[in-house]
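Heavy-atom basis, side chains included; hydrogens, waters and symmetry copies ignored.
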Amino acid sequence: MTGSTDPADLTAVELLRGYRSGALSPVEATRAALARAARAQELTNAFVTLDDAVRDEALAGAEASARRWQRGEPAGLLDGVPVTVKDMILQRGAPTLRGSRLVNPDLAWDEDGPSVARLREHGAVFLGKTTTPEFGWKGTTDSPLNGVTTNPYDTGRTTGGSSGGSGAAVALGAGPLSLGTDGGGSVRIPAAFCGIVALKATYGRVPLYPASPFGTLAHVGPMARDVRDTALLMDVVSGADPRDWSQLGPPAGGFVDALDGAADGVRGLRVAYSASFGGQVPVDRQVAAVVRGAVERLSDLGAYVEEADPRLCEGLAACQEAFHTLWFSGAARVVQPYGPQARERMDPGLREIVELGERYSALDYLAAVDVRMALGQSMGRFHQTYDVLVTPTVPITAFEAGAEVPKDSGYTRWTGWTPFTYPFNLTQQPALSLPCGVDGAGLPVGLQLVAARHRDALVLRTAQALYESGIADGIRPPESAVG
């Protein structure tokens with residue numbers, strides 16, 4: 001275990017080791033995580049609900065887990081580990097309001113989504129639902145229902161989004177694991193801004209239900225403090241579920257097992273480093289320097305690193321236009337059941353993209369699909385030469401909270417400052433954000449690792465090799481934030 005005396009500072013792997021040896025109880029760990037959750041809520045507004053009912057249910061789950069460990073009969077891979085779930089994913093007994101005043105909280109809420117069902121089967125302890133922008137529509141986390149979620153490193157800044165509540169919760173020790181969703185970068189953006197790890201796996205690797213109105217852009221992804229915990233959560237949530245018609249078959253092997261010998265596994269790897277997609281992306285100078293330093297670690301580990309840019313169809317602007325067509329159309333479909341009278345109760349930005357989405361024709365949508373397929377084919381060819389692509393996760397660090405775009409940036413939508421993330425939702429490739437340093441203000445910088453479809457284990461193994469090299473050492477919120 002680490003030198004910390006607070007169980008909230010331990011990873012899931014470390015907690016499980018403590019339970020197994022008897023040095024630590026799930027009840028102790030859950031109480032510590034609940035205390036951090038209360039602090040995260042006070043500081044960052046990371047949770048939808050933290051009340052006595054949530055606390056009592058978590059402690060009851062922890063006590064049941066403690067009894068199983070005492071009998072030597074843990075329920076599964078995460079028995080007794082405190083977890084959080086983004087308020088876009090169904091969790092039995094907890095309203096899934098999606099950050100919106102349009103959703104009726106008084107429904108039955110009697111079904112788990114596939115990933116939550118796997119967590120429950122493996123004995124995880126649920127701490128609460130985390131915040132999201134309305135229907136997860138943007139790359140920052142604020143909503144008409146829950147207000148603004150802020151960054152644990154600087155509460156005047158955003159966590160990113162749309163899984164921003166999960167990013168803040170994990171960074172502050174309110175459970176070592178969280179489930180987020182990612183339709184255009186929504187686990188990777190807050191991971192970069194909050195100094196944690198997050199993976200958008202190959203589409204279909206983590207089953208999803210109900211099917212997203214955003215179609216096959218949408219993923220469920222693990223968020224954690226380190227790579228090994230991310231792999232562990234992947235081993236749990238990759239289990240099959242018949243409710244997802246597009247799920248993949250069982251993975252070829254365990255994701256934790258794939259981390260063995262990670263440093264040696266990087267030797268000889270063909271790595272492409274794209275600093276700015278061929279000059280198409282203006283990258284903050286400090287972000288660029290931190291990421292370049294991390295890429296040099298890969299060379300030190302024996303990888304063959306070359307500066308090379310993937311061909312993005314007719315350019316990044318064409319990719320963005322295609323993504324907007326698919327994303328805005330999905331947003332229009334999300335709110336369609338609520339009727340036009342509901343518009344005034346929505347996030348104004350969401351209302352704007354819904355109105356745009358309603359104007360697209362079926363031919364516009366299919367033209368965007370054509371761009372998507374061409375991009376996928378291009379990336380397939382790219383990965384015949386390069387095993388892994390490295391980019392910054394986001395070209396900037398966290399900016400002011402409550403805004404969709406940085407002040408005076410010239411961007412009109414969140415996709416302007418997230419050009420490294422949404423292309424890989426279009427292509428369905430595995431993409432992981434790894435903390436690799438901080439800027440001059442002490443704000444985390446994220447590095448993104450991308451591989452060909454179905455090579456999730458390679459992304460995790462490369463990330464683990466970098467993590468073991470120490471690039472994330474010392475990246476944690478200030479002590480004043482932890483409380």
Side-chain angles (χ1 to χ4, degrees), residues 185 188 191-192 195 197-200 202 226-228 230-231 258-312 316 375 378-397 419-421 423-424 427 429-439 444-473 475:
R188 289 162 288 156
V197 180
L199 172 67
K200 180 197 75 65
T202 301
D226 70 5
V227 179
R228 191 166 293 277
T230 305
L259 303 184
D260 292 344
D264 290 338
V266 170
R267 191 172 303 281
L269 205 65
R270 301 167 300 169
V271 175
Y273 169 45
S274 181
S276 61
F277 282 164
Q280 296 182 84
V281 180
V283 179
D284 176 85
R285 177 180 55 81
Q286 294 184 61
V287 169
V290 170
V291 173
R292 182 174 290 276
V295 171
E296 290 171 358
R297 296 282 185 100
L298 286 171
S299 292
D300 295 341
L301 291 167
Y304 297 111
V305 179
E306 180 181 346
E307 292 200 26
D309 301 305
R311 183 174 176 274
L312 300 175
L316 189 58
L375 178 60
S378 178
M379 289 305 304
R381 289 190 290 270
F382 184 83
H383 284 294
Q384 288 183 311
T385 303
Y386 300 104
D387 300 302
V388 175
L389 169 66
V390 181
T391 73
T393 305
V394 188
I396 56 176
T397 51
F420 294 116
T421 56
F424 304 110
T427 62
Q429 294 171 247
L432 180 146
S433 183
L434 182 73
C436 61
V438 296
D439 70 2
V445 173
L447 166 151
Q448 181 176 234
L449 298 165
V450 183
R453 293 174 74 243
H454 311 296
R455 301 207 70 186
D456 307 81
L458 174 62
V459 166
L460 284 162
R461 190 164 62 249
T462 306
Q464 178 67 8
L466 279 170
Y467 199 86
E468 289 175 358
S469 78
I471 65 168
D473 288 356
I475 302 175

Residue pair Ala275 / Val283: nearest heavy atoms and the distance that separates them: O-CG2, 3.4 Å

task: Say whether, by atom type as modelled, one donor and one acceptor occur between the side chain of Thr202 and the main chain of His454 under 3.5 angstrom.
output: yes

query: Is Thr397 close to Val445 at the side-chain level, that is, under 4.5 Å between some pair of heavy atoms?
result: yes

message: Do Val287 and Asp439 have side chains that approach each other closer than 4.5 Å (heavy atoms only, starting at C-beta)?
response: no

query: Does the side chain of Arg188 come under 3.5 Å of the side chain of Thr421 through a donor N or O and an acceptor N or O?
result: no

- prompt: ring pair (Phe, Tyr, Trp, His ring centres under 6.0 Å) with Tyr273: which residues, sequence neighbours excluded?
  reply: none

query: Can you find a pair of side-chain heavy atoms, one from Leu375 and one from Leu312, that are under 4.5 Å apart?
result: yes

- line: The reported gap from CG in Leu432 to CG in Leu449 (rounded to nearest 0.5 angstrom) is 6.0 Å

query: Taking the side chain from Arg461 and the backbone from Gly265, do they hold a donor-acceptor pair closer than 3.5 Å?
result: no

- request: Could you tell me which non-hydrogen atom of Cys436 sits nearest to which non-hydrogen atom of Gly446, and how far apart they are?
  value: SG-C, 4.1 Å

query: Are side-chain heavy atoms of Val227 and Leu466 found at a separation under 4.5 Å?
result: no

- prompt: Is the side chain of Gln280 donor-acceptor paired with the backbone N or O of Leu316 at a distance under 3.5 Å, no angle test?
  reply: yes

task: Could you tell me which non-hydrogen atom of Ala272 sits nearest to which non-hydrogen atom of Phe382, and how far apart they are?
output: CB-CZ, 3.5 Å

query: Say you draw a straight line from CG of Leu434 to CG of Leu460; how long is it, rounded to the nearest 0.5 Å?
result: 10.5 Å

- prompt: Would you say the side chain of Val266 lies within less than 4.5 Å of the side chain of Val388, judging by non-hydrogen atoms?
  reply: no

message: Run the side chain to side chain contact (heavy atoms under 4.5 Å, CB included) test on Leu389 and Gln429 for me, step by step, so that the C-alpha distance in whole Å, both residues' side-chain angles and the decisive distance to 0.1 Å come before the verdict.
response: CA-CA 11 Å; Leu389 169 66; Gln429 294 171 247; over 6 Å; no

query: What's the shortest heavy-atom distance between Leu298 and Val390, and which atoms?
result: CD1-CG2, 4.0 Å

task: Kindly compute the distance separating CZ (Arg297) from CG (Leu301), expressed to the nearest 0.5 Å.
output: 8.5 Å

message: Nearest 0.5 Å, please: how far is CZ in Arg270 from OH in Tyr304?
response: 11.0 Å

- prompt: Any side-chain heavy atom of Arg455 within less than 4.5 Å of one from Asp387?
  reply: yes

field: Closest non-hydrogen atom pair, Gly437 against Val290
entry: CA-CG1, 3.7 Å

field: Heavy-atom donor-acceptor pair, Ser433 side chain to Val197 backbone, under 3.5 Å
entry: no

- prompt: Taking the side chain as C-beta and beyond, is there a heavy-atom pair between Gln448 and Lys200 under 4.5 Å?
  reply: no

query: Is there a side-chain contact between Arg228 and Tyr467 (heavy atoms, below 4.5 Å)?
result: no

- request: To the nearest 0.5 Å, tell me how far His383 NE2 sits from Ser378 OG.
  value: 9.5 Å

- line: Heavy atoms of Phe277 and Pro423 approach each other most closely as CE1-CG, 4.4 Å

